[in-house]
Structure formats: structure tokens, C-alpha cells
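Everything below concerns the one structure shown next.
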Amino acid sequence: MIINLFDDSSWDSLRPLTFTRPVADLRIGILTIAEKWAKYLKADFGFITQDYLSTKYPSKNGATLFINGSVCPDYDLLNAVSGLKSGEFLQARDHILAFNCDNFLTFEQAKQQLKPVSYTSKVVKITFPEEIFANNPAEIRKDFELLTKGRTSAKISSTNQLLGNDIFFEEGAKAECSVLNSGYGPIYVGKNAEIWEGSLIRGSFALCENSSIKMGAKIYSGTTIGPNSRAGGEINNSVIWGNSAKGHDGYLGNSVLGEWCNIGADTNNSNLKNNYAEVKLYDYQSKSMRNTNLQFCGLIMADHAKSGINTMFNTGTIVGVSANIFGGGLPPNHIADFSWGGADGFENYKLNKMFETTEKVFGRKNVIFGDTEKEILTKVYELTAAHRNF
């Protein structure tokens with residue numbers, strides 16, 4: 001089977017995380033949304049997304065099933081999507097969840113040309129960045145069942161203290177002298193991932209392939225460390241997409257970090273306001289603050305962003321693509337894409353300088369920083385110019 005996952009208006013509201021990827025390429029739980037659908041349907045997948053992203057994230061020819069990339073699958077939704085006949089679309093309230101036809105259609109075209117099929121069960125739809133960490137504990141549980149059903153874990157060293165039965169290690173995964181507590185949710189450790197000595201981990205938790213948890217880390221429920229990453233210190237209910245580093249002491253809570261990010265030593269974020277009020281986040285559509293209706297909400301950091309040592313992020317901070325933050329004090333709650341500076345002020349992070357740094361970052365992981373990546377970042381630089389008011 002071949003499927004294409006399409007962006008809807010959530011691509012706009014999930015910025016800055018989606019400036020560099022389709023919505024379906026966001027990680028929530030253990031897998032990205034696209035990987036979840038591919039696993040459920042045993043399908044090959046492509047994307048229908050913004051034009052400037054389509055070189056890196058192309059669509060697949062031959063697809064007749066088109067799925068909303070902001071929707072996370074479960075078995076009920078899988079049955080409904082799989083049951084769609086040619087010429088039908090699946091609808092929940094005002095959202096098109098999926099449709100079956102020979103060609104991709106816009107929302108209006110689908111409503112005019114296809115027969116609606118109503119879906120009334122609960123849908124997990126990711127519309128805003130904070131919904132990633134908010135839904136992450138449940139998505140880890142779903143992905144854990146999907147990935148481990150009928151399989152046996154690789155051997156886990158006897159030097160660890162294991163609590164509960166929902167602990168699964170893939171081939172090559174390692175842990176020594178650590179406490180792994182799955183009594184509050186499953187613990188998944190991916191291929192060739194490693195948990196270093198003295199770590200304390202409470203599920204639900206996912207450590208994806210080729211990643212590591214450093215010595216003495218304290219990891220709380222609802223946390224995902226994506227592939228090729230390194231994490232340490234104290235982390236609670238947070239998602240790190242992949243190829244990123246939060247390797248030192250410091251607190252990260254109720255947060256989302258994109259790809260190729262680096263968090264300096266002793267960087268901390270606040271996730272609760274002193275007056276316990278609901279947290280607001282910067283919204284790219286309105287260019288104003290939006291109420292999340294959450295009491296706990298920390299840091300949303302887009303791809304390629306970095307912070308220096310001892311950086312302090314306030315409650316509900318949005319950090320844009322390729323921002324570089326350093327210095328004392330609390331920087332503002334919205335740090336524009338391609339910003340360079342901190343609480344004392346920002347200047348434009350010139351594209352050629354950013355490229356020089358990124359080439360070195362990629363090189364450390366033996367990845368080529370090629371023209372496709374440069375073209376995407378150049379486009380994002382242009383798209384975000386209006387948000388840089390310095």
C-alpha cells in the first residue's frame with residue numbers, strides 16, 4: 001500500500017516546528033506521525049506539503065489513500081480509514097481525516113466531489129505545539145504496544161533495578177546500574193541506544209535508536225528522546241525530535257525540542273508561572289500571544305536553535321528556527337527565527353554564518369549539509385523576516 005499524508009491548517013498553527021517539515025514528520029510518542037500510519041497500514045508513505053519542503057519530503061506516486069498528517073492513528077481510526085471506498089472521505093466535525101480517490105484534492109474539492117463518511121470516535125489531532133507534549137504519554141503507550149506486540153525484549157543487564165513488566169530493549173540497547181520503573185507507563189529503549197550508570201527513569205519513556213542518557217539523569221513520565229540524541233540532567237514530559245543534545249544538568253519540562261538543537265550546560269526552563277495562571281504562547285498567525293489553557297507549559301524550540309550555558313527560559317517560551325541564545329537574564333517569550341543574542345538584545349543571525357555552524361554540526365554526525373537543507377533554511381529565513389524587529 002502507498003499513502004500520502006497531507007498538511008492542513010495545522011501546519012500554520014504548529015510553526016515554528018513545521019517551518020522545516022510537514023506536520024506528519026513531527027515526533028510524538030516513539031514514532032513520527034507518518035511512521036505510525038506506515039506501521040499500522042504496512043504502507044510506504046509520502047507527503048503533500050509546502051512547495052519549498054517537497055524536495056526533501058516528496059509525495060508518492062500511485063497513492064489512492066490520503067491521510068491528514070496532523071491526526072495520530074489508533075485501531076478504531078485505522079479501521080475507519082481502511083474501510084473507505086473509492087470516492088469517499090472520512091470527516092470528524094469540520095476536519096477531513098482521510099479520503100480515497102485517484103488524485104489529491106483540496107478540502108473544498110473533496111467536500112464537493114466525494115461522499116462524506118462521519119467519524120464520531122475520539123480523534124487525537126495535533127494543532128498546536130503544546131499538544132505534542134500533552135499527548136506524549138498516551139502516544140508512547142500506543143506506540144509501545146504497536147512496536148512490541150508479539151515480540152520479546154533483548155536481554156537487560158542484571159545490574160539494573162527493574163520495576164514493572166513493560167520494559168522493552170531493542171537489539172544492541174544497553175543499560176547499567178540504573179532504575180527503570182514502568183509502573184507508571186512503558187519504557188522503550190531503541191536499537192543501539194544506551195542508558196548510562198545511575199540514571200533514574202520513570203515511564204512512560206522512549207529512548208530512540210543510537211541515543212544515550214548520561215550518568216545520573218532523572219527522567220520523568222511522558223518523555224521521548226528521539227534518535228541520534230544525547231540527554232542528561234532532569235527532564236519531565238518533554239519531546240526531543242532527534243539529532244539534538246541536552247546533555248548536561250538543568251531542567252527541561254513540558255517542552256518540545258526540534259532537530260539539531262543544542263542546550264548548554266545548566267540551561268533551565270520554567271514550566272509554571274509564579275501566579276499559577278494559564279500559560280500563553282506566541283502565535284505566528286496572529287503575531288500575538290495565545291492562551292494554551294495549560295498551567296504547565298515550558299519551552300518550544302524549533303530546529304537548529306541553540307542556547308549557551310546558564311540560559312534561563314521563561315514559562316511558555318517559543319524559540320524560532322536557528323535562533324542562538326546566550327547571556328544572563330531572561331530572554332523574551334518569543335525569540336524570533338535566525339536571532340542572535342539574549343536578554344540584552346538580539347541581532348540578525350546572518351544566513352552564511354548560520355550555514356558555517358550547521359555544516360560543522362552535521363559533520364559531527366557524519367551527515368552532509370547539502371543544497372536541499374540550505375534551500376529550506378533560506379526559504380524559512382525569508383518567510384520569517386517580518387518577525388525580526390531588530
Side-chain angles (χ1 to χ4, degrees), residues 1-11 13-14 18 22-43 45 47-48 63-101 104-150 166 184-186 188 204 206 221-222 224 237 239 292-294:
M1 177 181 286
I2 301 173
I3 60 174
N4 278 322
L5 296 116
F6 60 86
D7 288 342
D8 67 359
S9 59
S10 294
W11 185 88
S13 55
L14 282 162
T18 48
V23 176
D25 193 54
L26 291 171
R27 187 175 308 281
I28 176 171
I30 302 173
L31 305 168
T32 67
I33 297 174
E35 290 169 345
K36 295 174 193 285
W37 279 107
K39 191 76 176 176
Y40 273 101
L41 291 167
K42 298 179 177 59
F45 63 88
F47 301 91
I48 296 176
T64 57
L65 187 58
F66 298 85
I67 300 174
N68 190 321
S70 66
V71 176
C72 296
D74 55 34
Y75 286 107
D76 287 341
L77 184 55
L78 174 69
N79 290 333
V81 169
S82 299
L84 284 176
K85 299 176 182 177
S86 181
E88 293 182 338
F89 73 91
L90 191 66
Q91 184 174 22
R93 299 188 181 93
D94 296 328
H95 302 295
I96 293 181
L97 306 181
F99 58 88
N100 188 329
C101 69
F104 177 73
L105 302 174
T106 66
F107 292 135
E108 292 304 318
Q109 289 172 334
K111 290 176 181 178
Q112 293 172 4
Q113 300 178 29
L114 305 180
K115 178 183 177 181
V117 176
S118 180
Y119 186 77
T120 57
S121 297
K122 181 182 177 180
V123 175
V124 178
K125 188 178 189 302
I126 307 303
T127 303
F128 297 108
E130 69 273 15
E131 293 173 354
I132 296 174
F133 68 75
N135 287 284
N136 202 52
E139 287 299 312
I140 290 176
R141 291 175 184 270
K142 285 161 55 178
D143 287 352
F144 183 88
E145 179 184 356
L146 179 67
L147 291 171
T148 67
K149 189 175 183 179
D166 290 334
Y184 296 86
Y188 175 88
S204 54
S221 297
T224 296
N237 187 203
V239 176
T292 66
N293 300 311
L294 296 176

Assess the residue pair I2 and F45 against the criterion (side-chain contact (heavy atoms from CB on, under 4.5 Å)); give the C-alpha distance rounded to whole Å, side-chain angles, the decisive distance to 0.1 Å, and a yes or no. CA-CA 6 Å; I2 301 173; F45 63 88; over 6 Å; no

Intermediate values then yes/no, side-chain contact (heavy atoms from CB on, under 4.5 Å), F99 and V117: CA-CA 9 Å; F99 58 88; V117 176; over 6 Å; no

Trace of the ring-ring contact (aromatic ring centres under 6.0 Å, His included) decision for F66 with F89: CA-CA 9 Å; F66 298 85; F89 73 91; over 10 Å; no

Between D8 and S70, does a side-chain contact (heavy atoms from CB on, under 4.5 Å) hold up when you go through it step by step? CA-CA 8 Å; D8 67 359; S70 66; 3.7 Å; yes

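You'll find the side chain of K42 stays beyond 4.5 Å of the side chain of M1, heavy atoms only. Annotation: side chain of L26 is not in contact with side chain of T32 (no heavy-atom distance under 4.5 Å). Side-chain atoms of E131 and T292, non-hydrogen and from C-beta on, never get closer than 4.5 Å to each other. Between E35 and R27 the shortest side-chain heavy-atom distance falls below 4.5 Å. Side-chain contact between L41 and L65 is present, with at least one heavy-atom pair separated by less than 4.5 Å. Taking 4.5 Å as the limit, some side-chain heavy atom of P22 sits within range of a side-chain heavy atom of D7. L146 has its side chain within reach of Y75: a pair of non-hydrogen atoms, C-beta onward, lies under 4.5 Å apart.
If you take CZ on R141 and CD1 on I30, they are separated by 11.5 Å, rounding to the nearest 0.5 Å. Separating the CG atom in L31 from the OH atom in Y188 is a distance of 7.5 Å, to the nearest 0.5 Å. In this structure, the separation between OH on Y119 and CG on L97 is 8.0 Å, given to the nearest 0.5 Å. Distance check, rounded to the nearest 0.5 Å: CG of L14 to CD of E130 gives 9.0 Å. Separation of atoms CG (L114) and CG (N100) is listed at 9.0 Å; rounding is to 0.5 Å. Note: S9 OG to F107 CZ = 6.5 Å, rounded to the nearest 0.5 Å.
Between F6 and F104, the ring planes are tilted. Angles from 30° to 60° get that label.
Side-chain atoms of S13 come within 3.5 Å of backbone atoms of T127 as a donor-acceptor pair (strictly under, hydrogens ignored). Checking side-chain atoms of Q113 against main-chain N and O of A110 turns up no donor-acceptor pair under 3.5 Å. For the pair K36 (side chain) and K142 (backbone), a donor-acceptor distance under 3.5 Å is absent. Between the side chain of N4 and the backbone N or O of I48 there is no donor-acceptor pair closer than 3.5 Å. In terms of modelled atom types and a separation under 3.5 Å, the side chain of Q91 and the main chain of R93 share a donor-acceptor contact. Using modelled atom types, no side-chain atom of Q112 and backbone atom of Q109 make a donor-acceptor pair closer than 3.5 Å. Judged by distance alone, with hydrogens and angles left aside, the side-chain atoms of W37 form a donor-acceptor pair with the main-chain N or O of V71 at under 3.5 Å. With hydrogens and angles ignored, the 3.5 Å screen pairs no side-chain donor or acceptor of E139 with any backbone N or O of N135. Remark: side-chain polar atoms of N136 are not paired, donor with acceptor, to backbone N or O of I28 under 3.5 angstrom. In this structure, T224 contributes its side chain and G29 its backbone to a donor-acceptor pair below 3.5 Å.
Annotation for Y184: atom OH does not count as buried by contact number, only 12 or fewer foreign heavy atoms lying within 6.0 Å.
When every heavy atom of I3 is checked against every heavy atom of I67, the shortest pair comes out as CD1-CD1, 4.1 Å. Nearest heavy-atom pair across S10 and V23 is C-CG2, 4.1 Å. Between L77 and C72 the shortest heavy-atom distance is CD2-O, 3.9 Å. The minimum heavy-atom distance between E88 and G83, with the atom names listed, is OE1-O, 4.3 Å. The shortest heavy-atom contact between P137 and S204 is CA-OG, 3.5 Å. A pairwise comparison of heavy atoms in A24 and L5 identifies CB-CB, 3.8 Å as the closest pair.
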